[in-house]
Amino acid sequence: MDGDWQFLNEDERPTLKALFDRGAEARVAALTIEQAGIRFDWSKTHLDEALIAGFEARAEAMGLADMRQKLLSGAIVNPTEGRAAEHTAERGSGSPEAVELARTFHQRMRALVEVIEAGAFGEIETLIHIGIGGSALGPKLLIDALDRDAGGIAVRVVSNVDGAAMAEAVQGLDPKTTLLAAASKTFTTAETLLNLESAMQWMRGGGVDDPYGRVVALTANPDKALEWGVDETRILPFSESVGGRYSLWSSIGFPAVLGLGWAAYEEMLEGAAQMDRHFAHANWRDNAPVMAAFADLYYTQGRGAQTRAVFAYDERLRLLPSYLQQLEMESNGKSVTSTGEALDYPTAPITWGGVGTDAQHAVFQLLHQGTMLVPVEFIAAREPGHDFDDAHHEALLANCFAQGAALMAGKRTDDPARSYPGDRPSTTLLIEDVTPAILGAMLAFYEHRTFVNAVLLGINPFDQFGVELGKDMARSIEEGGMDDFDASTKALMEAALGDPA
Ligand code: F6P
């Protein structure tokens, strides 16, 4: 498919400095959106009137308004699997049936949490949440961001099939005061099932007579969970049409409900719903997910950027980059259109990132002076997440804002090694605080931004067939079927595990 991105290359584009020289305050005002406790600032990107108008035309040509309506009303938006993507129904936007079903499943989750809190399983100190990909990254982020005062039931998340991860998760725990959450949309994921078996063994070894009685299943495949041995009363289902990387709003969010309480969970859903309403109703140029996608696409299609970097200047959001990696790369790392035609333009860049200020002392050299263009996203909060001296937060914010300013301004000196080219773009998300509502709104913003990118690229963000081949081949190796493998892989297996024969 031909991209028709010519509008990006029409003229020599103005530099950031030139764009600011046209009227700095007006530019900042025009390219700042405040929504749901988040201030988005795109003024340090190269977006200008001509580019925005070009992207608006692209949105028209690609049917963005129609696709948005389809997404938010539960119509089919995942053509390769013939289904809707109903994560917004978890927050109240979708077909009436999907919204009702989500509400019913939420109430079921709430009831089970109440039963646990009332002591039906004895005294519970810890929940080990076992899942991988979308069944782990969301809960892990929520707990790490919001559950920092260590009251109530502690949550540990295990995803990697490396037994060392499980060993770390159980360290110091008493099996008799531990519950297990088996989180898997399909309830067939090899890593999760193996980790679950090991956790059961650990429970048995620790004197728990009926470890099955301590497993809660979070799944869209209740039959499989039942077959595995989870009692129906402890299966918390969610809808098949909620994708794994969009599932933290469903029963996959169970550890967050247990760790943070129902009220916080509802606030998170309401924050996301506020962003859904904004996405549904705002004009393209006043619409945060849409403007973010315009900037993303300018850099991938117009400037050849192959990566984008996200730096959280807030320790509470240190897991956000890895959450976004799955959301963005698993959704939009595609090379055919939603109807299967090969693309002749790039799709998702590689998402990477880290935490400020740590990253400044490790990777920012390349951002300032390297040869690759990397659009950067800064995220900071007005309120600190601690009670130490204000000097910490002041230093954190000063560093965050200085980096964006330095990337843009650059600095010329007589010494090339000490010169900074500048004109390097960044976006800033300044949030009020890391609260359930604001985090909910922020994650919904990222979901919609990913969706808008996909629509303008003409791809389907809701399938992930790219992960299957590697899984099949791993299964073959585990089952001893090495014959079909290349010589390098066979030699590696032999060197690591010995001759299978
Ligand atoms: O292999 C990729 C994937 O299917 C992700 O999309 C998903 O989040 C993850 O595996 C875990 O899948 P499940 O929740 O079915 O265990």
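Every value quoted in this text rests on a predicted model; they were computed, and no experiment measured them. Read the numbers this way: they start at 1 and go in the same order the structure lists the ligands and their atoms. Values below: all heavy atoms of this structure, side chains included; hydrogens, waters and symmetry mates excluded.
Screening residues 227-236 for side chain to side chain donor-acceptor pair (under 3.5 Å), with sequence neighbours left out, gives Glu197-Trp228, Asp231-Thr233.
The shortest N or O to N or O distance between Val467 and ligand 1 is not under 3.5 Å. Every N/O-N/O distance between Gln464 and ligand 1 stays at or above 3.5 Å. Any N or O atom pair closer than 3.5 Å counts here, and Thr192 shares no such pair with ligand 1.
In terms of protein heavy atoms, atom 11 (C) of ligand 1 is closest to Ile132 O, 3.2 Å. In this structure, the protein non-hydrogen atom closest to atom 12 (O) of ligand 1 is Thr189 OG1, 3.5 Å. The shortest contact between atom 15 (O) of ligand 1 and any protein heavy atom is with Thr186 OG1, 2.6 Å. The protein atom (non-hydrogen) at minimum distance from atom 8 (O) of ligand 1 is Gly134 N, 2.8 Å.
Pairing each heavy atom of His281 with each of Arg68, the nearest pair is N-NH1, 4.2 Å.
The aromatic rings of Trp42 and Phe445 are tilted relative to each other, their planes meeting at an angle between 30° and 60°.
Distance alone, capped at 3.5 Å, places no donor-acceptor pair between the Ser95 side chain and the Ser73 backbone.
Residue-environment remark: NZ (Lys176) stays at or below the threshold of 12 foreign heavy atoms within 6.0 Å.
When the options Lys471, Gln326, Glu330 are ranked by their closest heavy atom to atom 4 (O) of ligand 1, first place goes to Lys471.
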